[in-house]
There are 2 protein chains.
Amino acid sequence: MAEGVRARQRDQTRATLLREGRRLFAAHGYAAVGLAEIVRAAGVTKGALYHHFSGKPDLFRAVLGQVQQEVADRVAGAADRRDDPWDRFTAGCREFLTAATDPDRQRVMLVDGPAVLGWTEWRSLDEAASGRHLAEALAELVRTGVISRQPVAPLAHLLSGAMNEAALWLAGSTGPADLADTWAALSRMLDALRAADPAGRAG
Amino acid sequence: MAEGVRARQRDQTRATLLREGRRLFAAHGYAAVGLAEIVRAAGVTKGALYHHFSGKPDLFRAVLGQVQQEVADRVAGAADRRDDPWDRFTAGCREFLTAATDPDRQRVMLVDGPAVLGWTEWRSLDEAASGRHLAEALAELVRTGVISRQPVAPLAHLLSGAMNEAALWLAGSTGPADLADTWAALSRMLDALRAADPAGRAG
DNA sequence: CCATTGACATACCAACGGTATGCGAACTAG
DNA sequence: CTAGTTCGCATACCGTTGGTATGTCAATGG
């Protein structure tokens, strides 16, 4: 990519728009940020913005995709550093908890995301990013008999929601032990998944 | 309340505004509904709306409070129908799951709520309504030694988030067994709370 | 019966997201 | 090298929106 003067300038303008849009959305929320403010921060005009994106929601969609990708990469990275399926699962959960607590991602990913794009599209995007790793990890745990045979979709949603809300709370909490306590509670929940498997440990 | 002609008219106007606002917010989402549409549906003008509420967010806040109160009442009602602390807890969770799945409450309470008012205020309002019952139920379970001694706040957030996300998913899901599967998975999670208590069963 | 207040209606405004058009520099065909 | 085309924006403009300032008239209370 970026062959020629024009293409390079184009990529840079788009990147600047994304960067400033993300910064402002994360800091003040989607509704409180006007397009005028974004293009002013980026040093361009609304013409440039509407040349790269179809509108304000589309810019937000691009920002959200970027944020989700970062989180997904960190989760996948943490998981791939382990071999045992159970370790991969728990390490991914733990990494998600810390990655989603980042205030630069929090608001865009967990608060404005569902409201701006609608819950359905937000869920679909989340599923395509980090949510996919969670479902796959659970599926493998079921397949290898580590946890009992059961539908993974409800489980994935329950765990995803739990971690999302926990991350939201942790970001604004003041207690220094809150992260440790939350992880302890979540860890007990996860452990219960395999502990409560009296029967079939065979694939 | 409602003594005198003027006071009665006032209450009725406010109630109509709340009813139509809630209907439209629930159906199309906060951002997609204009004040003009609301006051037209209510048969009044913007002057009336701004006489009763300080603005669009304030009207939404009133609608959210109403929705949260309904859910909290159903949760408390289901819990009060039992005696055993554990039964009260699980019955409340189950009732919340179905009450929050109602499409008339869903969007206002779980999607637009945090985005419009900010997560902090939303959490505070939720805590004052149904969230309080959850925290109290958990506290009692800890106090009576049914579940192990641990900080209840992280646990409450994890469970609250799990149920919120599950309700969101259930509202748009098509599978007839999804509700049963979700409750089964959540039920296992809850059971694990008391099962994973090897030591202190004394207060 | 009159002054006051409360519950609105009316008229208006700035700001917003979005669109239509203009324009010059970068590419491309000959 | 050059003419023509396209691309990447800038400029100017528009309808709608949330919000405000002011007017109005009936209910209230003394």
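Just so it is clear, the structure is predicted and the values come from calculations on it, not from any experiment. Proteins come first, then strands; the chains are lettered A, B, ... in the order of their sequence lines, and each starts at number 1.
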Please list, pair by pair, any protein nitrogen or oxygen found under 3.5 Å from a nitrogen or oxygen in nucleotides 27-29 of chain C.
unit_1	atom_1	unit_2	atom_2	d
dC27(C)	OP1	V5(A)	N	3.0
dC27(C)	OP1	R6(A)	N	3.1

(message) Side chain of Y50(B) only, heavy atoms from C-beta on: which candidate in dT10(C), dG19(D), dG18(C) is closest?
(response) dG19(D)
(request) With axes from five pairs an end, tell me the bend angle of the helix from dC1(C)-dG30(D) to dG30(C)-dC1(D), nearest 10°. (result) 10°
(request) Would you kindly check whether a donor in the side chain of K46(A) faces an acceptor in the base of dG17(C), or vice versa, at under 3.5 angstrom? (result) yes
(request) State whether R132(B) and E127(B) are salt-bridged, where the test is any N-O pair (Lys NZ or Arg NE/NH1/NH2 against Asp/Glu carboxylate O) under 4.0 Å. (result) no
(request) Output every pair passing side-chain hydrogen bond (donor to acceptor under 3.5 Å, both in side chains) with a member in residues 52-66 of chain A, not counting sequence neighbours, ordered by first then second residue. (result) D58(A)-R61(A), R61(A)-E121(A)
(request) Using a strict 4.0 Å threshold on nitrogen-to-oxygen distance, state whether R123(B) and D126(B) make a salt bridge. (result) yes
(message) Any salt bridge linking R23(B) with E20(B)? Criterion: basic side-chain nitrogen under 4.0 Å from a carboxylate oxygen.
(response) yes
(message) Checking E70(B) now: which residues fulfil salt bridge (charged side-chain N to carboxylate O under 4.0 Å, His left out) with it, not counting sequence neighbours?
(response) R22(B), R105(B)
Are there any protein N/O atoms within less than 3.5 Å of an N/O atom in nucleotides 1-4 of chain D, and if so, which ones and at what distance?
none

(request) Check whether any side-chain nitrogen or oxygen of T13(A) sits under 4.0 Å from OP1 or OP2 of dC9(D), and answer yes or no. (result) yes
(message) So, using side chain to side chain donor-acceptor pair (under 3.5 Å) as the criterion, who are the partners of R88(A) when residues are at least two apart?
(response) D80(A)
